[in-house]
Amino acid sequence: MHILVGVTGCIAAYKACEVVREFQRAGHEVSVVMTAAAQQFVGLATFQALTQGCAKTSLFGDAEPIPHIALAEEADAFVIAPATANVCAKLAHGIADDLLTSTALACTCPVFVAPAMNVHMYENAATQANLDALRSRGVRVITPDAGYLACGDVGPGKLPEPSVIARTVLDALLSAGALAGKRVLVTSGPTVEPIDAVRFISNRSSGKMGAAIVRAALDAGAHVTVVSGPVSVAYDARAEVVWVETAAEMLSAAEDAFADADAAICAAAVADMRPERAEARKLKKGRDDAALASIPLVENPDILSALGHGKRVGQVVVGFAAETEDVLSNAQEKLIRKQADLIVANDVSEGAVFGADADEASFVTPSGGERLGLLPKTEVAARLVERLAEMMHLSA
Ligand code: CTP
């Protein structure tokens with residue numbers, strides 16, 4: 001592969017030399033593009049020597065008349081490491097005022113950004129919003145390490161080791177396309193079941209797990225439809241989002257999307273029950289005391305079970321289970337009862353998982369259970385997508 005490494009003006013710029021070497025050691029061709037500020041830290045000559053002359057800094061004065069387009073076209077991946085807060089902001093807003101940012105805008109290949117900066121700059125809401133915007137457009141943001149920073153502060157902002165950056169990029173590139181051409185449906189978030197015009201029954205599902213699955217499936221090349229209840233997390237802009245409120249609406253939208261999908265991942269926290277009748281008007285104290293004191297509930301349809309029992313040969317259905325005891329055997333029972341092919345079982349005995357960033361998860365299939373241990377939701381999602389790809393190729 002041809003990997004373009006972008007170097008920006010950060011104290012960690014010297015580590016970019018090793019990033020270049022790591023890719024070269026793995027057998028890849030490397031070119032480099034540097035910003036003017038990067039040259040305050042490491043000279044162009046260093047990268048020229050490392051890349052046999054394939055390091056550039058300027059939009060003008062090059063033998064190549066349109067260097068940003070030429071660089072973008074020859075790259076199979078663009079890896080900006082380190083990426084300053086300023087360059088992340090420019091990329092998020094489409095600003096193209098030098099060779100590096102113009103090339104980034106012209107790239108159609110996978111783009112990776114490894115932010116490195118002071119902890120307060122990294123944690124600043126503006127930087128986080130810029131990184132979220134980049135993620136939502138499919139840019140892979142490599143999480144910085146936490147530790148003692150060059151400025152003397154301690155916290156996240158350190159450029160990860162060059163070997164870690166290279167492995168993250170190469171793993172992602174090699175697993176990219178595992179779901180190419182596949183259509184994946186994800187249900188996500190809570191459902192909202194109205195009691196009257198202003199009141200409802202719902203739950204605290206944040207949609208974080210669903211959002212992580214959506215991104216992992218998109219990164220693996222799938223076309224993703226997410227059927228979601230109201231959430232504040234943002235879904236990746238590449239996904240098609242169908243917003244719903246009630247379980248009945250979620251079932252209908254999920255069945256529609258599943259008709260031409262290859263797989264369904266049911267990550268939604270569907271309300272088990274709903275009020276038997278939803279009053280169109282607001283129930284009033286004094287006048288409607290009896291109706292407010294006792295709200296008859298009826299069971300909601302089970303979406304995972306409907307998709308599991310209705311699936312065609314070759315379609316794969318994945319569900320979730322939150323368990324406090326006998327995690328694997330309870331999940332196995334759920335797998336059979338709902339006719340799912342895989343259950344991601346979360347051990348919630350230590351507390352709730354809603355809103356958390358990590359899960360104690362296991363994969364449960366008809367042939368047994370596999371504990372993943374405590375992992376970030378993004379990592380659970382990545383492993384789930386890998387597993388799904390294996391299952392889909394087996395069932396194809
Ligand atoms: N699910 C669904 N529709 C429902 C209820 C659940 O699609 N009406 C799906 C969820 O999206 C999830 C799985 O089923 O994939 C969870 O099953 P559930 O039976 O609700 O299990 P737990 O949440 O683990 O709770 P319990 O053990 O109390 O049943």
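Keep in mind that this is a model prediction, so the values were computed, not measured. For ligands, and for the atoms within them, numbers begin at 1 and follow the listed sequence.
Close contacts of ligand 1 with G319, meaning ligand atoms under 4.0 Å from a residue heavy atom, involve 15 (O). For ligand 1, the atoms sitting less than 4.0 Å from at least one non-hydrogen atom of A268 are 10 (C), 11 (O), numbered in the order shown with element in parentheses. Within ligand 1, counting atoms from 1 as listed, the ones closer than 4.0 Å to a heavy atom of L304 are 2 (C), 7 (O), 9 (C), 13 (C), 14 (O), 15 (O).
For atom 28 (O) of ligand 1, the closest non-hydrogen atom of the protein is K334 NZ, 4.9 Å. With respect to atom 23 (O) of ligand 1, the closest heavy atom belonging to the protein is A322 N, 4.3 Å. Considering only non-hydrogen protein atoms, atom 13 (C) of ligand 1 sits nearest to F320 O, 2.9 Å. For atom 3 (N) of ligand 1, the nearest non-hydrogen atom of the protein is I303 N, 3.0 Å. For atom 1 (N) of ligand 1, the closest non-hydrogen atom of the protein is D302 OD1, 3.8 Å. Protein heavy atom at the shortest distance from atom 20 (O) of ligand 1 is D272 OD1, 4.0 Å.
In summary, of the residues considered (L304, L342, L384), a side-chain contact (heavy atoms from CB on, under 4.5 Å) with F320 occurs for L384 alone. For the pairing with S362, the side-chain contact (heavy atoms from CB on, under 4.5 Å) check across E323, E370, R371 returns one residue only, R371.
With salt bridges taken as basic N to acidic carboxylate O contacts below 4.0 Å, one links K311 and D341.
Residue A269 places no N or O, backbone or side chain, under 3.5 Å from any N or O of ligand 1. Any N or O atom pair closer than 3.5 Å counts here, and V270 shares no such pair with ligand 1. The shortest N/O to N/O separation between A271 and ligand 1 does not fall below 3.5 Å.
Taking the six-membered ring for Trp and thresholds of 30 and 60 degrees, Y235 and W243 have ring planes inclined between 30 and 60 degrees apart.
Residue pairs meeting the salt bridge (charged side-chain N to carboxylate O under 4.0 Å, His left out) criterion with at least one partner in residues 121-144, sequence neighbours excluded, are D132-R135, R140-D219.
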How far apart are the C-alpha atoms of M117 and T84, what are their side-chain angles, what is the distance that settles it, and do they pass the side-chain contact (heavy atoms from CB on, under 4.5 Å) test? CA-CA 6 Å; M117 63 198 73; T84 58; 5.8 Å; no
Begin with the C-alpha distance, continue with both residues' side-chain angles, and end with the deciding distance and a verdict on salt bridge (charged side-chain N to carboxylate O under 4.0 Å, His left out) for E299 and R274. CA-CA 6 Å; E299 201 172 339; R274 68 173 184 279; over 6 Å; no
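The number of heavy-atom neighbours closer than 6.0 Å to CZ of R238, taken from other residues, nucleotides and ligands shown, is above 12. More than 12 non-hydrogen atoms from other residues, nucleotides or ligands lie less than 6.0 angstrom from CG of L297.
Taking a 4.0 Å cut-off on heavy atoms, K338 registers as neighbouring ligand 1. Heavy-atom distances between A247 and ligand 1 stay at or above 4.0 Å for every pair.
The part of P301 lying near ligand 1 is the backbone, judged by heavy-atom distances below 4.0 Å.
For R277, the salt bridge (Lys or Arg N to Asp or Glu O under 4.0 Å) partners are E279, not counting sequence neighbours.
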